[in-house]
Amino acid sequence: MTRALSFLRGLVHLWPVVLVFVAWDAWVVLNGYTSTVAPRPFPVVTDVVIGFGEYLPYISYTLGVALVGLLGGTLVGFAAAVVVWSSAALAGVVTPAALIIRSVPITALIPIIARIVGYGDPAVLTSTVLICFFPAFVFTLSGLAAIPASGHDLFRVLGGNKLQVLARLGVLYAVPNLMVSVRITAPTAVLAAMLAEFLMGAHGLGALFSESRSYMDMERAWGVALVATTVSVFVFLGARALENRVVARVT
Amino acid sequence: MSTSTIRTAQAEVDRPAARPGAAVTIRGAEKVFSLGRGRTLQALAEVDLEIAEGEFVAIIGPSGCGKSTVLRLAAGLDTPTNGAIEVFGDDPHRLAKQHRLGVAFQEHALLPWASVRANIALPFQVAGRRVDKARVDELIQLVGLVGFEDARPKQLSGGMRQRASIARALALSPDLLLLDEPFGALDAVTRRRMNAELARIWGEEKITTILVTHDVDEALILADRVVVMTGRPGRIRKIAKVDFPRPRGFETTRSPEFHDLVDELTALLDQVEGVDD
Amino acid sequence: MTAAARPGTAALFGIGGALLVVVAAQLVGQFQLAGRAWPPLTDVLAYVTTPAGSGLLLRNGLVTLTAAAQGLLLGVVVAVFGAALALVVPMLRPGFERFAAILNAFPTIALAPLLITTAGREDTPMVIAALSVGFVMFVTMTSGFANVPAAHSDVLTVLGSSRVQRLVRLELPRAVPSFFDGLTLSAPAAILGATIGEWFGAPKGLGLLLVSAMQNYQMPLLWSAALVATALSLAAYIVFVQFQRIAVRRFG
């Protein structure tokens, strides 16, 4: 009962979203736009609901690429951070470089990857992996760096090696950080996948979007925007739930 | 037993409240805090207290006895669950809105980005009045911060910060001054020096003052009356009149009478804490 | 001794790391390890130093920088105002927070068609930059406003302050370090947002340059445009980090 009530209260707090829809509708009507310029919200929502089957393959492709990229990038970033962490000199050299590479805007990275890997699926996947790699790397490394000296000393006294420190303490310190990186990169992964698809892919929401735009199917194009937003929000919520669960488990 | 007799006796004196000349009147004040999930904590149980205009009252008691709650009620920062509190015959909120309150906490709560002078000028700005530069300078002199006007709080020592905080509380010559353990975080030596300075400042300004402290000596050096509170829920255990002549220098604090009173009140606090555990 | 030596060592490692990246990039290009699409860095630099190249990059870089700066300004103003409004009118807060979270998850690319019809091709980069900035600033300002110590708040209550006075005298100055925190995160987001906007048919800008260089297989141009975009992003970040340090010292 209270659960249902708090759910309802949660819905009430979505009023800005409702406001956006109302403003959108009013804007189209007041400017007298035809549907080829800007469609009204209702036909767009109808297109999404009725044509959901047509959207589905595109959604699953984008979602798949984003998740694989997120998983792959995070794992590679974690592994790279552990390797780098085991050597202080290496960490000192690689971390600033990683920070600089992290500043490369996705919009600059994707065209270059497209040219190096070649147009198509591998380039889309490489882009998302690369974009998730750097945050995972940096966050893991900062987590490992936060292992207190006393922890290291304890294991030295007990005659443990670096691997044991990693297994016992590293997980404790790095995994929560890694999950933060997953939470903040998850929506970025979807964005990166869509950007890459838009630019070169034949699949996915980004491709559907550029396709419907060139056919002047504005309801479909705006529908893609709506669906992409929803997917992205759910990916974010999922990542946050995962973070909470993993952090509760580890700490 | 004795607690209840004291309370009845005191109630007989205090209940016909809001006499002319009463600055603060607390009648049957209760305060219950909600801890969430239906659990509650009773911080105060039926507190009656009357403070005359121009009087300095110290409230002492063990931590968690609700003495700060009494002060927060008088400041209008909390409202009683039951009972009533009047300050100069009015709601405490009204007094705050009329900018007639001064307050200093254990955490000095000075604005870290503002200089000493700007911090002392803050009450003028909040009241929408022109900053009275002469008054600010006078206060800086009064609390002995000449030469530190332009320093920022983190450049000052703990004692200096508390002096600035007290100067801020005095800025608008408030009708009621509320001090919540203002020297609680200071070392013993600095604390005694601050006690002496506060006594001197109070001697000059004669503002109705409530001081919350857990230091019996501090209460006896400064107050006209000392209210001893017991904990959980907070009740008034005893009200002691302090008749030592002012200024209360070493002759007073070294006198046997002073020590007897310290011992008596300390014993009360000990007893209270014994009961509490 | 060690305390003095440590920052020096860190800087040395940093320079070493940067050099490593540069040398590696050069070698990969030199030996065509990644194909023709990865030119040697020297080729890229040679292109940047040609008058035609530098002129093109400068013109488009300025367009992107302007769009990003305008977007940053707009996003910051709206977000700070929104956070302040949510603070003064607590009823609005949950709705604002949820909306900001949705905006954050919003794939900005999805906005492009809307914006091109509404804001026009010229202003789209600025608006996307503003949206990218808005969420970050809103979140940092909300948390900055929230960490006002209770004692400070009590003092202002007892002094009889109005809600607006509390905002001006306490919460706004208190949130200054958070404001600059937000800016360090927002500045790269603004550059990214502006370039995304430029992908969608803006008449000028680095984003346009990147897409057209890719499509026309102009590798030195593509790489140098990426280099300029990265440099802008990094420079904005470093500048705001300095501001943030000053702010923490002054208001912390």
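Just so it is clear, the model here is predicted, and its values are computed rather than measured.
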Among [options], who wins on heavy-atom pairs under 4.5 Å with chain C?
options	value
A:Thr107, A:Leu109, A:Thr229, A:Val227	A:Thr107
A:Leu226, A:Leu14, A:Val104	A:Val104
A:Val17, A:Leu195, A:Val190	A:Leu195

Is it the side chain or the backbone of [X] that comes within 4.5 Å of chain A heavy atoms, both, or neither?
X	value
C:Ala229	both
C:Pro188	neither
C:Leu210	both
C:Leu92	both

Is there a side-chain contact between [X] and [Y] (heavy atoms, below 4.5 Å)?
X	Y	result
C:Phe99	A:Leu19	no
C:Trp199	A:Pro111	yes
C:Ile196	A:Phe198	no

Please report the interatomic distance [atom1]([X]) to [atom2]([Y]), rounded to the nearest 0.5 Å.
X	Y	atom1	atom2	result
A:Met200	C:Gln215	CE	CD	11.5 Å
A:Ile112	C:Leu222	CD1	CG	4.5 Å
C:Leu192	A:Ser103	CG	OG	11.5 Å

(message) Please check if the number of heavy atoms outside C:Glu122 that lie under 6.0 Å from its CD is greater than 12.
(response) no
(message) With a sphere of 6.0 Å drawn around CZ of A:Arg240, does it hold more than 12 non-hydrogen atoms of other residues, nucleotides or ligands?
(response) no
Looking only at heavy atoms and a cut-off of under 4.5 Å, which of [options] has the most pairs with chain A?
options	result
C:Pro94, C:Ala231, C:Ala189, C:Gly16	C:Pro94
C:Met214, C:Met219, C:Glu198, C:Arg36	C:Met214
C:Trp38, C:Tyr237, C:Tyr217	C:Tyr217
C:Val211, C:Thr230, C:Leu234	C:Thr230

Is it the backbone or the side chain of [X] that comes under 4.5 Å from a heavy atom of chain C, or both, or neither?
X	value
A:Val20	side chain
A:Val233	both
A:Pro187	side chain
A:Tyr119	side chain
A:Ala114	side chain
A:Trp24	neither

